[in-house]
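Here the structure is laid out as structure tokens; the discussion comes afterwards.
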Amino acid sequence: MVTIRLHNTATRAKEDFAPIDPLNVRMYVCGPTVYDRAHIGNARPVVVFDVLFRLLRHVYGEGHVTYVRNFTDVDDKINATAQARKAGGDPRSLEVLIHERTDETIGWYHADMDALGALRPTHEPRATDYIGQMVAMIQGLISSGHAYEKEGHVLFRVRSYKNYGALSGRSVDDMIAGARVEVAPFKEDPMDFVLWKPSDADLPGWDSPWGRGRPGWHIECSAMSHELLGAAFDIHGGGLDLQFPHHENEIAQSQCAHPDEGFAKVWMHNEMLQVEGKKMSKSLGNFFTVRDLLDQGIPGEVIRMVFLGTHYGKPMDWTTEKAAQAEATLRKWRGLVAGIEPAPSPLSGVLSALADDLNTAGALAELHAAAGRGDFAGLAASARLMGLLTPELGDWVRTVDLAPYAERLALLRSEAMAQKDFSAVDSMKAALMAAGVEVRMSKAGVELLPGPGFDAGKLEALK
RNA sequence: GGCGAGUUGGCGGAGAGGUUACGUACCGGAUUGCAAAUCCGUGUAGACCGGUUCGAUUCCGGUACUCGCCUCCA
């Protein structure tokens with residue numbers, strides 16, 4: 001069996017991966033807060049951990065991997081959107097509007113991530129469906145002295161967990177010195193974070209021993225991972241920005257609630273995404289969603305390919321240049337594997353690259369090598385392991401029938417050859433190329449293929 | 001201030017202590033009515049300083065620069 005090696009943020013080392021239970025490999029990845037369309041940066045962990053999910057399924061068997069990715073559907077931004085709709089005259093209740101908003105957003109998320117070729121996780125729990133488990137976990141933390149109630153809030157007593165800060169490599173005292181901690185009158189210590197907070201009438205809330213309120217962000221993941229994966233599981237993933245404080249807090253909560261269980265064995269963090277060399281932000285005008293790219297005609301498979309070109313542990317730069325290159329390569333490869341039955345198993349070079357801490361860029365190099373040596377069956381099988389060249393993602397390679405144009409061009413050409421006048425051929429060729437068609441003429445005949453920027457609409461002029 | 005990542009040829013980007021990465025672009029050639037596609041080929045690297053070594057882009061130390069996180073933003 002292939003040995004998978006993964007970089008564990010918790011130990012800062014690349015380690016051999018040995019599942020707790022090879023018959024049920026368990027992975028939890030922090031999912032989106034569903035207040036709006038997923039932006040391009042949100043898509044990176046989705047693709048990264050999708051590759052890992054596929055690799056684990058390949059190695060341990062499809063039925064032996066449980067992948068959980070949550071939806072955070074209780075959040076102030078969601079509330080704000082619903083409140084805005086309410087203020088805009090919508091007569092329905094806040095709870096209904098909130099639920100409508102999160103349902104809508106989850107639908108978008110699924111559509112957009114499907115377009116990137118990401119498999120759906122085994123479970124996609126919504127935080128609001130696990131309030132009971134959160135309340136129970138909070139109660140346990142209070143009774144064991146790790147949390148306390150004050151003014152309707154329940155706070156986690158950070159000083160009660162001695163390993164706090166181990167994941168992100170900081171000490172509590174350093175963090176205090178950083179001074180960017182919220183000081184509140186109900187906190188014993190500035191570092192303490194909220195497990196439960198009160199809701200007024202304008203906010204969604206659930207009944208609890210501490211009154212009507214809503215959970216803090218961090219407790220969601222602790223409660224849901226425990227419910228669906230158990231107190232100890234194999235891999236916990238997410239963006240590097242979640243390392244602190246979110247994951248640090250998750251560890252504190254879960255370890256204190258279930259001492260000696262271990263919680264997540266391997267922590268994996270993907271580095272952040274930038275756009276054209278700069279941090280993506282609305283103020284720089286380089287902020288865009290996955291849907292924006294899809295609407296611009298950039299296929300999901302191309303977006304996926306661009307992501308796979310950079311190792312997940314390195315900052316990734318999204319550029320239009322990369323997208324163009326990825327599209328050209330995929331067009332070429334799709335042409336090569338068309339009609340080819342994929343090999344029964346992926347190439348060992350691709351598999352070992354992926355097993356080496358998800359070296360997707362190295363794996364792509366192996367795919368190039370396979371294409372170069374003419375191993376199209378191996379190329380097809382290996383690409384599929386990475387979620388590329390799959391039947392589901394192939395729609396963007398247009399299936400417009402260019403044969404009539406090819407016949408006409410061939411006819412014009414044979415006439416031109418006889419009369420030594422190629423002007424008619426050249427003008428038709430120019431028109432085809434303007435429509436993004438790749439024109440190939442040889443002694444064998446004329447071949448037309450849709451190329452980069454192919455626009456079927458421009459073919460109308462040729463009719 | 002704390003934590004972390006990075007710096008390879010025009011661009012993207014990999015592995016390996018010593019042998020051509022690879023892709024793409026450019027250039028030359030074959031082919032073509034002209035092109036495209038395809039094939040062949042040349043050239044272009046390893047931020048800087050020092051150390052280890054017979055030999056380092058690859059290991060170690062330092063410097064510079066870039067970027068990110070520490071703000072419920074993946």
Side-chain angles (χ1 to χ4, degrees), chain A residues 9 12 29-33 35-36 38-49 69 72 74-77 165 167-171 173-182 193-194 197 215-218 220-221 237-246 248-249 269-274 277-282 287 306 309-317 319 321-322 324-326 328-329 332 335 349 352-353 356 359-369 371-372 413 416-417 419-423 425-426 429-430 432-433 437-443 446-449 451:
Chain A
T9 312
R12 280 140 229 271
V29 174
C30 291
T33 300
Y35 63 94
D36 204 351
H39 62 65
I40 186 72
N42 296 126
R44 174 122 104 136
V46 173
V47 172
V48 165
F49 292 104
R69 185 181 62 208
T72 295
V74 44
D75 171 82
D76 289 342
K77 289 198 196 86
L167 178 72
S168 52
R170 24 189 125 202
S171 72
D173 294 324
D174 284 344
M175 288 183 261
I176 302 278
R180 278 178 173 169
V181 288
E182 184 193 0
F193 58 88
V194 170
K197 53 192 164 187
W217 175 39
H218 314 295
E220 295 175 13
C221 289
L240 188 61
D241 58 334
L242 295 181
Q243 185 185 32
F244 182 86
H246 182 56
E248 204 72 73
N249 293 354
H269 292 95
N270 61 277
E271 251 288 1
M272 310 303 278
L273 179 141
Q274 295 170 249
K278 296 228 163 86
K279 177 181 165 67
M280 180 168 67
S281 71
K282 285 179 179 168
F287 180 97
V306 170
T310 302
H311 186 263
Y312 75 88
K314 288 187 182 181
M316 195 204 108
D317 196 16
T319 64
E321 172 65 25
K322 282 183 176 179
Q325 273 201 19
T329 303
K332 190 166 116 185
S352 59
D356 180 16
N359 183 357
T360 49
L364 288 177
E366 293 291 329
L367 295 186
H368 278 293
R413 184 160 169 258
M417 302 268 250
Q419 295 166 14
K420 305 288 184 212
D421 175 8
F422 291 91
S423 56
V425 178
D426 286 340
K429 192 176 77 179
L432 285 166
M433 288 168 69
V437 178
E438 201 173 283
V439 181
R440 300 181 186 179
M441 286 188 271
S442 67
K443 280 177 183 162
V446 172
E447 192 180 2
L448 300 182
L449 295 168

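None of the values given here were measured: they were computed from a predicted structure.
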Starting the side chain at C-beta, find the nucleotide from B:A5, B:G68, B:G33 nearest to A:Met272. B:G68

What I'd like to find out is whether the side chain of A:Lys77 reaches to under 4.5 Å of the side chain of A:Thr33, using heavy atoms alone. no

Base, sugar-phosphate or nothing for A:Leu364? Non-hydrogen atoms, less than 4.0 Å. nothing

Would you say the base of B:C34 and the side-chain of A:Lys429 have a donor-acceptor pair closer than 3.5 Å? yes

Write down the distance between CG (A:Leu448) and P (B:A37), rounded to a whole number of angstrom. 14 Å

Given RNA chain B, 5'-ward residue of the pair A:Ala369 and A:His39, judged by closest heavy atom: A:Ala369

Taking the P atom of each, how far is B:C3 from B:U63, in whole Å? 15 Å

For B:U24 versus B:A14, give the span between their C1' atoms, rounded off to a whole number of Å. 15 Å

Contact check, side chains of A:Cys221 and A:His246, non-hydrogen atoms, under 4.5 Å: yes

Between A:Ile40 and A:Met280, is any pair of side-chain heavy atoms under 4.5 Å apart? yes

Take atom C1' in B:C39 and the same atom in B:U32, then report the distance between them in whole Å. 14 Å

d(CG, A:Asp317; P, B:U66) in whole Å: 16 Å

Roughly how far apart are A:Leu240 CG and A:Thr9 OG1, rounded to 0.5 Å? 7.5 Å

Please pick, from B:G33, B:A5, B:A74, the nucleotide with the shortest atom-to-atom distance to any side-chain atom of A:Glu271. B:A5

To the nearest angstrom, the CE-P distance between A:Met441 and B:U32 comes to 13 Å

Taking the P atom in each of B:U44 and B:U38, what is the distance between them to the nearest angstrom? 25 Å

Mind calculating the distance between NE2 (A:His368) and C1' (B:G23) to the nearest angstrom? 4 Å

Measure the CH2-CG distance between A:Trp217 and A:Leu242 for me, rounded to the nearest 0.5 Å. 5.0 Å

Does the side chain to side chain contact (heavy atoms under 4.5 Å, CB included) test come out yes or no for A:Asn270 and A:Phe49, once each step is laid out? CA-CA 9 Å; A:Asn270 61 277; A:Phe49 292 104; 4.0 Å; yes

Sticking with atom C1', work out how far B:C22 lies from B:G15, rounded to a whole angstrom. 11 Å

Pick the nucleotide of RNA chain B nearest each of A:Trp217 and A:Gln243; which residue has the one closer to the 5' end? A:Gln243

Integer angstrom distance from the C1' of B:A45 to that of B:A21: 12 Å

Under 3.5 Å, side chain of A:Arg44 to main-chain N/O of A:Met272, donor-acceptor pair present? yes

How far does the P atom of B:G23 sit from the matching atom of B:U42, given to the nearest Å? 13 Å

A:Gln243 and A:Ser168: side chain donor to acceptor below 3.5 Å: no

Kindly indicate whether the side chain of A:Glu438, heavy atoms from C-beta on, has any atom under 4.5 Å from the side chain of A:Leu432. no

Any chance you could encode RNA chain B as dot-bracket? Rule is Watson-Crick or G-U wobble with both distances under 3.5 Å; [ ] for pairs crossing earlier ones, | for another strand. (((((((..(((.....[...)))..((((.......)))).....(((((..]....))))))))))))....

Take atom CD of A:Glu321 and atom C1' of B:A25, then tell me their distance rounded to the nearest Å. 9 Å

Between atom NZ in A:Lys332 and atom P in B:G23, what is the gap in whole Å? 7 Å

Can you measure A:His269 atom NE2 to B:G68 atom C1' for me and round it to whole angstrom units? 14 Å

Considering every strand and a 4.0 Å limit on heavy-atom distances, what is the contact class for A:Arg44: base, sugar-phosphate, or nothing? nothing

So, is A:Arg12 close to the B:G4 phosphate, meaning a side-chain N or O under 4.0 Å from OP1 or OP2? yes

How far does the P atom of B:U19 sit from the matching atom of B:G46, given to the nearest Å? 14 Å

Just call it for A:Glu438: base, sugar-phosphate, or nothing, with non-hydrogen atoms closer than 4.0 Å on any strand. sugar-phosphate

How are the rings of A:Phe193 and A:His218 set to each other: parallel, tilted or perpendicular (split at 30° and 60°)? perpendicular

Using a cutoff of under 3.5 Å, can you pull out all pairs of nitrogen or oxygen atoms linking the protein to nucleotides 14-16 of chain B, with atom names and distances?
residue: B:A14; atom: OP2; partner: A:Lys314; partner atom: NZ; Å: 3.4
residue: B:A14; atom: O3'; partner: A:Asn359; partner atom: ND2; Å: 3.3
residue: B:G15; atom: OP1; partner: A:Asn359; partner atom: ND2; Å: 3.1

Does the side chain of A:Val439 come within less than 4.5 Å of A:Leu448's, by heavy atoms? yes

Indicate yes or no: at least one non-hydrogen side-chain atom of A:His311 is less than 4.5 angstrom from one of A:Glu271. no

Answer with base, sugar-phosphate or nothing: what part of the nucleic acid does A:Arg69 contact at a heavy-atom distance below 4.0 Å? nothing

At 4.0 Å (heavy atoms only), tell me whether A:Val425 reaches a base, stays on the sugar-phosphate, or touches nothing. base

Can you check the A:Phe193 CZ to B:C72 C1' distance for me, whole Å? 12 Å

Polar-atom pairs under 3.5 Å, protein N or O versus N or O of nucleotides 40-42 of chain B: list them with distances, or write none.
none

Taking C-beta and beyond as the side chain, do A:Pro215 and A:Val74 meet within less than 4.5 Å on heavy atoms? yes

Going by distance alone, is a donor N or O of one side chain under 3.5 Å from an acceptor N or O of the other, for A:Thr319 and A:Asp317? no

If you check every side-chain atom of A:Pro315, which of B:G33, B:A5, B:C69 has the closest atom? B:A5

Applying a 4.0 Å non-hydrogen cut-off, can you work out what A:Glu447 is touching in the nucleic acid: base, sugar-phosphate, or nothing? nothing

Nearest of B:U71, B:A74, B:C72 to any side-chain atom of A:Lys197? B:C72

